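The model shown is predicted, which means the values in this text are computed figures rather than measured ones. Positions are given from 1, in the same order as the sequence printed here.
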Amino acid sequence: MDPNSAGNAQYNRWNEDNINMNVTNSQSGVMGLYNRACTGNVGIVVKVAGALTALVSVYMIGYVTGYYVHRC
């Protein structure tokens, strides 16, 4: 080891030839669907719709259960 080069690091610069900017083609179908449905504005709409669906279903289960429990 050369004492003059101790502590020197050699860095590779980014080269436009070795950067893959085409991410959608390198992803699987499931990840592409996830990126379309779960991110951005569409993701917000999907999450709100899912939350409303869960809320309505819990309400309906509670309503039906309460009906059958208290119908005497």
Quiz item: Roughly how far apart are Met60 CE and Leu55 CG, rounded to 0.5 Å?
Solution: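 Rounded to the nearest 0.5 Å, the CE-CG separation comes out at 12.0 Å.
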Can you list, pair by pair, the side-chain donor-acceptor contacts under 3.5 Å of residues 62-72, counting residues two or more places apart and other chains?
{"from": "Thr65", "atom 1": "OG1", "to": "Ile61", "atom 2": "O", "distance (Å)": "2.7"}

Quiz item: Using links of under 4.5 Å between side-chain heavy atoms of ILVMFWY residues, direct or through other members, which residues join Val42 in one cluster?
Solution: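 Answer for Val42: Val46.
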